[in-house]
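Here's the structure we're looking at; comments come further down.
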Amino acid sequence: MNRPLSRDFYIRDTLTVAKELLGKIIVKRYGKLFLSGKIVEVEAYIGSHDPACHAYMRTKGRCEVMYAIGGTAYVYFVYGNHYCFNVVTGAKGEGNAVLVRAVEPLEGIETMKLLRGIEHNLINLTNGPGKFCKAFDIDMKDNGRDLVMDKNFFITENYKLSTEKIIIMQSGRIGINKGKEFPYRFFIYNNNFVSKHKINETAIRL
DNA sequence: GACAAGATTAGCT
DNA sequence: GCTAATCTTGTCT
């Protein structure tokens, strides 16, 4: 049985956590079964200097959860339709998080299809932040959950990773207007479940 | 109170 | 590639 990543994993520099989350497995219980997927695309948001971060120059309201201890789930609602899932990083009071933008579905694929309302097209199931949340039944009820202590919602090591040997790509973030200059998006090279954008072509190989 | 923007998506051209 | 859908949040009056 896989164990959740420890608190120490999350209480580190946000960019380090973001990069290391690639390839890890996110697991969530849905009824009697577990849904899981490999994280293939993330973005970092850093409160201290990043105007795109909800916690930039703010401590109250929606972003309050971003100031919790690393390993806490931060979920918010955007564009009147969609949820986005983040993991808080660093010590309590810092205001940083990593957005999970895309995963590769592993377990519970049939259930994810039902939740998404699509039958075919596996690629389209979780290749975007809103799609991933819908497929994993993530919404505001999950905001503030502790991914270190919660047995039904956590991120775990991928023991196949040592043989998979992933290549990490870095680029600017997607769908923001402020903070475009920060190259805080990371994704796995050549993975089909990364959200497709022109920006992929200008990404840097790390 | 009012208003504009937003870490998106699906559907159409 | 372009745009409507849809509603919460933050900001200003």
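Labels below follow one simple rule: chain letters A, B, ... track the order of the sequence lines, proteins then strands, and each chain is numbered from 1. Since we're looking at a predicted model, the values are computed, not measured.
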cation_pi([X], [Y]) dist<6.0 Å, angle<=45:
X: A/Arg12; Y: A/Phe9; result: yes
X: A/Arg29; Y: A/Phe153; result: no
X: A/Arg145; Y: A/Phe154; result: no

Pair A/Phe136 and A/Phe132, ring centroids less than 6.0 Å apart: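 For A/Phe136 and A/Phe132, the ring centres are under 6.0 Å apart.
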
Sugar-phosphate only, base, or nothing, as touched by A/Asn86 at under 4.0 Å among non-hydrogen atoms: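 The answer is base, as A/Asn86 lies within the cut-off (heavy atoms under 4.0 Å) of a base atom.
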
Sugar-phosphate only, base, or nothing, as touched by A/Arg185 at under 4.0 Å among non-hydrogen atoms: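 It contacts nothing in the nucleic acid.
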
A/Phe193: ring-ring contact (aromatic ring centres under 6.0 Å, His included) partners, not counting sequence neighbours: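 Here no residue qualifies.
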
Within-4.5 Å side-chain heavy-atom neighbours: A/Ser195 and A/Arg101: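 Yes. Closest side-chain heavy atoms under 4.5 Å.
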
Nucleotide-resolved protein contact map, nucleotides 3-13 of chain C, B/S/- at heavy-atom distance under 4.0 Å: --BBBSSSS--

Residue A/Lys134 excluded, over 12 heavy atoms near NZ under 6.0 Å: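 Check fails, neighbour count at 12 or below.
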
Boundaries of the DNA chain B segment in contact with chain A, non-hydrogen, under 4.0 Å: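 Listed 5' to 3', the contact boundaries are B/dG6 to B/dA10.
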
Pairing string, 5' to 3', for DNA chain B - Watson-Crick or wobble contacts under 3.5 Å, brackets [ ] where pairs cross, | to another strand: ||||||.|||||.

Quick one: side chains of residues 54-63 of chain A, donor-acceptor pairs under 3.5 Å with protein atoms, not counting sequence neighbours, listed by atom name and distance.
from    : atom 1 : to      : atom 2 : distance (Å)
A/His54 : ND1    : A/Tyr74 : OH     : 2.7
A/Arg58 : NH1    : A/His54 : O      : 2.8

Results of side chain to side chain contact (heavy atoms under 4.5 Å, CB included) for A/Glu107 - residues two or more places apart only: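 A/Glu107 satisfies side chain to side chain contact (heavy atoms under 4.5 Å, CB included) with A/Ser36 only.
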
Modelled atom types, side-chain donor and acceptor of A/Asn158 and A/Lys38, under 3.5 Å: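 No, because no side-chain N or O of A/Asn158 sits under 3.5 Å from a partner of the opposite role on A/Lys38.
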
